[in-house]
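Each chain gets a letter, A, B and so on, in the order the sequences are listed, and its residues count up from 1. Computation of the quantities below employed the complete heavy-atom set of this structure, encompassing side-chain atoms and omitting hydrogens, waters and symmetry-equivalent molecules.
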There are 4 protein chains.
Amino acid sequence: MEASIALFEQNGFSETSIQDIVDALGVTKGTFYYYFKSKEELLMDIHLGYIEGLLEKQKKIIDDPAKSIKEKVLDIVYMLIHNIEKQGRQARIFFREMKHLNEEHLRKIVEKRDLFRYELQSLIEKGIKSGEFREDLHPSIATLTVLGAANWSYQWFRPDGELSDFEVAKQMVAILLEGMEKKQSINN
Amino acid sequence: MEASIALFEQNGFSETSIQDIVDALGVTKGTFYYYFKSKEELLMDIHLGYIEGLLEKQKKIIDDPAKSIKEKVLDIVYMLIHNIEKQGRQARIFFREMKHLNEEHLRKIVEKRDLFRYELQSLIEKGIKSGEFREDLHPSIATLTVLGAANWSYQWFRPDGELSDFEVAKQMVAILLEGMEKKQSINN
Amino acid sequence: MEASIALFEQNGFSETSIQDIVDALGVTKGTFYYYFKSKEELLMDIHLGYIEGLLEKQKKIIDDPAKSIKEKVLDIVYMLIHNIEKQGRQARIFFREMKHLNEEHLRKIVEKRDLFRYELQSLIEKGIKSGEFREDLHPSIATLTVLGAANWSYQWFRPDGELSDFEVAKQMVAILLEGMEKKQSINN
Amino acid sequence: MEASIALFEQNGFSETSIQDIVDALGVTKGTFYYYFKSKEELLMDIHLGYIEGLLEKQKKIIDDPAKSIKEKVLDIVYMLIHNIEKQGRQARIFFREMKHLNEEHLRKIVEKRDLFRYELQSLIEKGIKSGEFREDLHPSIATLTVLGAANWSYQWFRPDGELSDFEVAKQMVAILLEGMEKKQSINN
DNA sequence: GATGAATGAGCTTTCATTCAT
DNA sequence: GATGAATGAAAGCTCATTCAT
């Protein structure tokens, strides 16, 4: 799986042959099929590992009773960006290669992906009710804006860049929560 | 090109054969190679058409002397989302299939894509200088946050949804400019 | 098709690879798939050619108004055996490799094979009614006995043997019609 | 062997993998190779079991001093058909999969199969000499006609059909001995 | 401008067999 | 007696590309 993740990320699922994978490991194609029923099944395993990891981490954040909703949103954004440092390759495979899953597998993955989204959305809805977020916020668009900003980072965030994952997350959340506009000073 | 865009978007570049394309048109493979040097060249044509269209529209917005910077950012976000209504398929191909370009073509496209980003970033930098945006804004992260939010919509925005492209863009820009937080009333 | 018939007959369908077929012709595998959708489709074409040829010949014999029923039975047996001289390889493929057809194709072929049997059976039934055949004959078993005797010959009849196909057919029909028993002389 | 007979008969020798066989038994492939040297050897064992059983039963019938030759022919036909009730699957494997034996094994099996035929042929020859059968009978063709009629039944005879194996054999032998023709009454 | 025949390299997958444990 | 991991050869099939016509 590790070897295939590196190859799928770099060259794409369709462009990576079983031969490429087993060559990277110094084994033969037969060995691959001893461990995986098909190339698609391997892809499914990668997808499952990724999304279930995310769901688990999201759940821990949401269930934390000590944090405010804003803090939880920050934590989720940070978690997504931090995850790219650790599992950026899986993330890129997840978004790019999902269409190569078969119908049944795709259904399962989309279900979990949607669950992640709904959990975030219901957090934002709570924030609106509790007064932490503006009442005129459209919960689903707010959710997708946050997710877009964070997920897009898998396209550009490199852990070796100028800013750390935490600083990127802080900046991004600052924009999302407080906005880019210069605040009007109360005294003016 | 039209036929291939529909097929590439639906099934992916690698999964679409030349045969599929010519079948959709009722011609034969020989004919394809009379008009295109290779499958990759066709993909390049699609990429070029998409990114050059975006750059042109972006330029028109930025060069408009009648608008504030904030308005220009709104316009660019709206333009990106609106584009999905018109050219969603090209957008999805652009982001998903870029890696199938050859080295030289890829370089050219990445150059133009980066140009688009730099133009937005320099708009935001101007906004910071002019006092329209907060001084503590990290221009590159702000740029990528805006682009992430807008570009991500190609994954979920459907023109037949509840909200129009303009309403989605307005909501999204409201979040990006004013933030999700409830503003403190001046009297409190 | 000709090349594949020779190979399927000699080595069996599963044991003959596409490579074997195209090697025999001095072309490449791609060429094979330009003309046939799959290996199974080629097998179907062989089956269809064989059974439809038989049905056509059977029809001509049955529709001949100048012949008695006994003569028609002889003609059908002779036709089957004669066919082995001309198309013995197809015959052997027909009986041996039918199970490699896919469900839909198998259904079509079995239908036609059964039609051939029913036509013979209805001929025998007419013979019983007309008094040419014994009344205590069980039509379906008689049919299968005749078909068994004739069809089995594809397992052993070789056109270069001692007897010609016509002589074999005559002998076989003599047994089937008159029996192997020594007839009791009228005077005894 | 039992498990493999069921699988070979249903799906064919080439189409049945060792994995299929050991799966049916809940053991592993290594175990198979502890008991059989190769897949082909297993096939040979099945062939040997079948043909030696037939030869033994044939010998008992032929050696019976209490029976006429005609009765012996009936008995052999009955034995063949009866065998299908008991060992139909082996029979079908025997006729269909023989070509998968290796050269040496094939030679041995063909020898025994031919022995069975010669024994029947020599019985018929005796019947001709003794006056039980017509003198103009061609012994080898008569033999193959009888064998064809009987063996073919493995293609269609189902023990749950309308007639029992004994009734089918009686009908078939009636045809083979007395013929299908209506006998001319002595008084006419 | 367009066709149709052909190629060749590559693909995923299967499977009988081996063998150290 | 039995297992499980591995192999290697081959299978059916796909497909971008070429090119004479």
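When only modelled atom types and interatomic distance are considered, B:Glu40 and B:His105 share a side-chain donor-acceptor pair under 3.5 Å. C:His47 and C:Glu97 are not linked by any side-chain donor-acceptor pair at a separation below 3.5 angstrom, with hydrogens and angles left out of the test.
Positionally, the nearest nucleotide of DNA chain E for A:Lys37 lies more toward the 5' end than for the other of D:Glu40 and A:Lys37. Across the interface with DNA chain F, nearest-nucleotide mapping of D:Tyr35 and A:Tyr35 shows D:Tyr35 to be the residue nearer the 5′ end. Between A:Thr28 and B:Phe32, the residue whose closest nucleotide on DNA chain F is further toward the 5' end is A:Thr28.
Of the candidate nucleotides E:dC15, F:dA16, F:dG12, F:dA16 has the atom lying nearest to any side-chain atom of B:Tyr33. Residue C:Ser17 places its side chain closer to F:dG12 than to any other of F:dG12, E:dA6, E:dA16. Comparing atom distances between the B:Ile18 side chain and each of E:dC11, E:dT17, F:dA16 picks out F:dA16 as nearest.
Between B:Glu41 atom CD and F:dT17 atom C1' there is a gap of 14 Å when expressed in whole angstrom units. One atom, CD of D:Glu15, and another, C1' of E:dT13, lie 16 Å apart when rounded to the nearest Å. E:dT17 atom P lies 11 Å from atom CD1 of D:Ile21, rounded to whole Å. Across the protein-nucleic acid pair, C:Lys29 atom NZ and E:dA5 atom C1' stand 19 Å apart, rounded to whole Å. The NZ atom of A:Lys39 sits 15 Å away from the P atom of E:dG10 (whole-angstrom rounding). Per the geometry, OH belonging to B:Tyr34 stands 19 Å off P belonging to F:dT21, to the nearest Å. Atom-to-atom, CD of C:Gln19 to C1' of F:dC13 comes out at 12 Å; the value is rounded to the nearest Å. Following rounding to the nearest Å, C:Leu25 (CG) and E:dA5 (P) show an atom-to-atom distance of 16 Å.
Using Watson-Crick or G-U wobble geometry with both donor-acceptor distances under 3.5 Å, E:dT17 finds its partner in F:dA6.
The residue C:Thr31 sits close to a base: some heavy atom pair falls under 4.0 Å. Backbone-only engagement by B:Thr16 is indicated by non-hydrogen atom pairs under 4.0 Å involving sugar-phosphate atoms exclusively.
Of all non-hydrogen atoms in B:Arg113 and B:Ile51, the two that sit nearest each other are CA-CD1, 3.9 Å.
Rounded to whole Å, the P atom of F:dT21 lies 23 Å from the corresponding atom of E:dG1.
Side-chain atoms of B:Thr31 never come within 3.5 Å of backbone atoms of B:Val27 as a donor-acceptor pair (strictly under, hydrogens ignored).
Between C:Phe95 and C:Trp152, the ring center distance fails the sub-6.0 Å criterion.
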